[in-house]
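Reviewing the structure listed below.
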There are 2 protein chains.
Amino acid sequence: MVSGEARKVDDASVALAVSTVIFALRQDEASGLATVWLPLVRRIREPFDGQWALPGGPLGAAEDLATAARRTLGETTGLTPGYLEQLYAFGDVDRSPGPRVVSIVYWALVQSEEAQRASVGENVQWFPADDLPALAFDHNLIVDYALWRLRNKMEYSRIAHAFLGETFTLTQLREVHEAVRGRALDPANFRRSIEGSDAVVATDQRVTGTRHRPARLFRYNTSIDLADQGPLSRLNERKEP
Amino acid sequence: MVSGEARKVDDASVALAVSTVIFALRQDEASGLATVWLPLVRRIREPFDGQWALPGGPLGAAEDLATAARRTLGETTGLTPGYLEQLYAFGDVDRSPGPRVVSIVYWALVQSEEAQRASVGENVQWFPADDLPALAFDHNLIVDYALWRLRNKMEYSRIAHAFLGETFTLTQLREVHEAVRGRALDPANFRRSIEGSDAVVATDQRVTGTRHRPARLFRYNTSIDLADQGPLSRLNERKEP
DNA sequence: CCAGTAAGGGTCATTACAACCCTAAGTCAG
DNA sequence: CTGACTTAGGGTTGTAATGACCCTTACTGG
């Protein structure tokens with residue numbers, strides 16, 4: 001039998017949802033070190049009524065997958081991500097009680113200030129990514145996988161700037177890496193590895209008023225593909241305004 | 001508005017399909033070097049009637065995504081992959097004329113002999129991955145991405161054995177790497193890098209009758225996670241018999 | 001003006017890797 | 001039987017990347 005890609009699913013009871021794991025960094029008040037946090041949404045209907053879940057919702061009929069991820073994320077949390085990438089499609093038959101749901105999950109990064117600005121209400125709360133409660137559906141596994149991808153990708157690509165503003169010091173950039181990778185990095189070695197690559201461009205500005213030696217401000221090299229998705233970057237470029 | 005993951009898609013016209021890019025190695029008759037090939041299926045209905053497309057089909061109501069990939073692959077090409085991993089979900093609104101289709105695409109590897117055995121008919125043909133005709137839908141982009149992932153993954157993980165049998169010589173393993181990466185590798189350096197890792201276990205068997213010095217046969221170290229998918233390997237383990 | 005601290009640069013040992021060379025051990029032609 | 005040929009497999013060396021550690025520079029607040 002030869003495939004007919006356009007045929008409908010036999011049983012129309014398969015629903016398609018889009019969810020997003022979105023990370024930001026937060027200073028721990030005790031240690032002063034930054035760690036990875038993410039917002040969760042309290043469910044207000046069965047199944048898993050009252051439990052925490054990833055922000056998301058059904059796919060609209062006229063929107064692309066990434067657009068649906070942005071929209072549902074905005075509707076539920078008010079956040080606008082600085083980086084967004086598809087993570088995985090979860091579709092096990094038994095992953096949700098009741099009608100079957102296939103979830104296409106994205107993962108994203110926001111700047112910390114943007115995360116502060118966004119509304120936080122009764123039904124949206126931030127949690128440390130390493131220490132989550134039991135979530136609805138298979139969302140604990142999803143977060144684990146997203147966190148693993150974030151940590152992996154931080155080592156070989158240049159997504160760290162999505163946590164920072166337009167310009168930043170090398171110390172700020174290093175602190176992002178330290179927060180995600182969970183250990184201290186040598187400032188001098190870090191500087192050399194970054195400056196040795198072409199990821200970053202020095203500006204002629206400096207940060208003063210820090211009661212220390214003024215630090216140079218850097219900007220990301222926009223002529224470089226930060227995402228490192230190979231042929232797919234074509235697809236992503238096309239879609240962004 | 002808070003998400004309801006289990007709600008149906010507003011417009012029920014979104015169909016969910018599963019396709020697979022499956023690679024095998026073939027000797028080029030002229031040069032004797034191996035290169036990467038994949039089977040394509042000729043479409044026998046609109047849209048793209050008569051053009052080549054990836055093997056696939058609609059998702060069944062009671063099967064997991066990977067199961068659907070294996071099933072549709074078997075039905076259309078007769079192949080049983082030695083390795084299977086999710087690639088990406090393609091869901092742009094305009095990727096298919098007519099009713100909307102979201103395709104969850106897998107990529108896979110088969111042993112070369114298994115690929116030989118599988119039926120090849122009028123409507124299934126093998127093509128070199130580097131030199132494809134214009135395919136149906138966005139399948140050229142999909143194959144490019146799958147090939148990029150294969151080449152990337154070959155460098156840092158241990159999937160090469162999926163092209164080989166139970167036991168193999170280091171020369172065979174090296175030829176797999178050479179075929180995928182497209183360039184010759186130094187035999188001595190390759191040997192050291194493999195033996196230095198714990199990916200491979202030497203058996204006490206040797207290959208004779210090759211009119212050369214007999215080569216040791218190796219076996220893969222099954223106590224190691226070959227796929228390197230982090231937390232997802234949990235999910236995959238569970239599903240395989 | 002001095003103490004404290006971050007910015008930023010230098011040095012060195014270790015490691016991974018590529019290039020290149022050599023020897024070992026089979027088969028086949030004669 | 002023997003030597004040519006070819007692949008198996010090991011050794012040596014230079015280079016590039018990385019981490020550990022030390023030093024100087026430059027600002028601010030007391």
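Convention: sequence-line order gives letters A, B, ...; per-chain numbering from 1.
Nucleotides of DNA chain C with any atom under 4.0 Å from a heavy atom of chain B span, from 5' to 3', C/dA18 to C/dT27.
For the residue pair B/Asn189/B/Arg192, the side-chain donor-acceptor check at 3.5 Å is satisfied.
Atom CZ of B/Phe190 is separated from atom P of D/dA8 by 12 Å (rounded to the nearest Å). D/dG9 atom P lies 17 Å from atom CG of B/Leu185, rounded to whole Å.
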Verdict with reasoning, B/Leu25 to B/Thr35, per side chain to side chain contact (heavy atoms under 4.5 Å, CB included):
CA-CA 5 Å; B/Leu25 300 184; B/Thr35 52; over 6 Å; no
Would A/Phe137 and A/Leu54 satisfy side chain to side chain contact (heavy atoms under 4.5 Å, CB included), going step by step from the backbone distance to the final call?
CA-CA 10 Å; A/Phe137 307 104; A/Leu54 293 171; over 6 Å; no
Please set out all donor-acceptor pairs under 3.5 angstrom arising from side-chain atoms of residues 154-166 of chain B, sequence neighbours excluded.
{"residue": "B/Ser157", "atom": "OG", "partner": "B/Lys153", "partner atom": "O", "Å": "2.9"}
{"residue": "B/His161", "atom": "ND1", "partner": "B/Arg158", "partner atom": "O", "Å": "3.3"}

Sequence neighbours left out, cut at 3.5 Å: what donor-acceptor pairs do the side chains of residues 173-180 of chain B make with other protein atoms?
{"residue": "B/Arg174", "atom": "NH1", "partner": "B/Glu178", "partner atom": "OE2", "Å": "3.1"}
{"residue": "B/His177", "atom": "ND1", "partner": "B/Leu173", "partner atom": "O", "Å": "3.2"}
{"residue": "B/Glu178", "atom": "OE2", "partner": "B/Leu185", "partner atom": "N", "Å": "2.9"}

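Remark: side-chain polar atoms of B/Gln111 are not paired, donor with acceptor, to backbone N or O of B/Gly82 under 3.5 angstrom.
Atom CH2 of A/Trp37 is separated from atom CD of A/Gln27 by 11.5 Å, given to the nearest 0.5 angstrom. One finds the CG atom of A/Asp144 at 9.0 Å from the CG atom of A/Asp130 (value rounded to the nearest 0.5 Å). Note that CG of B/Leu232 and CH2 of A/Trp148 are 7.5 Å apart. Values are rounded to the nearest 0.5 Å.
Scanning for side chain to side chain donor-acceptor pair (under 3.5 Å) contacts around A/Asn221 gives A/Ser223, with sequence neighbours left out.
Heavy-atom distances under 4.0 Å link DNA chain D to B/Thr171 of residues 148-177 of chain B, given in residue order.
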Sequence-aligned protein contact record of nucleotides 18-27 of chain D, with B where the base is within under 4.0 Å of a protein heavy atom and S where only the sugar-phosphate is
-BBB---BBB
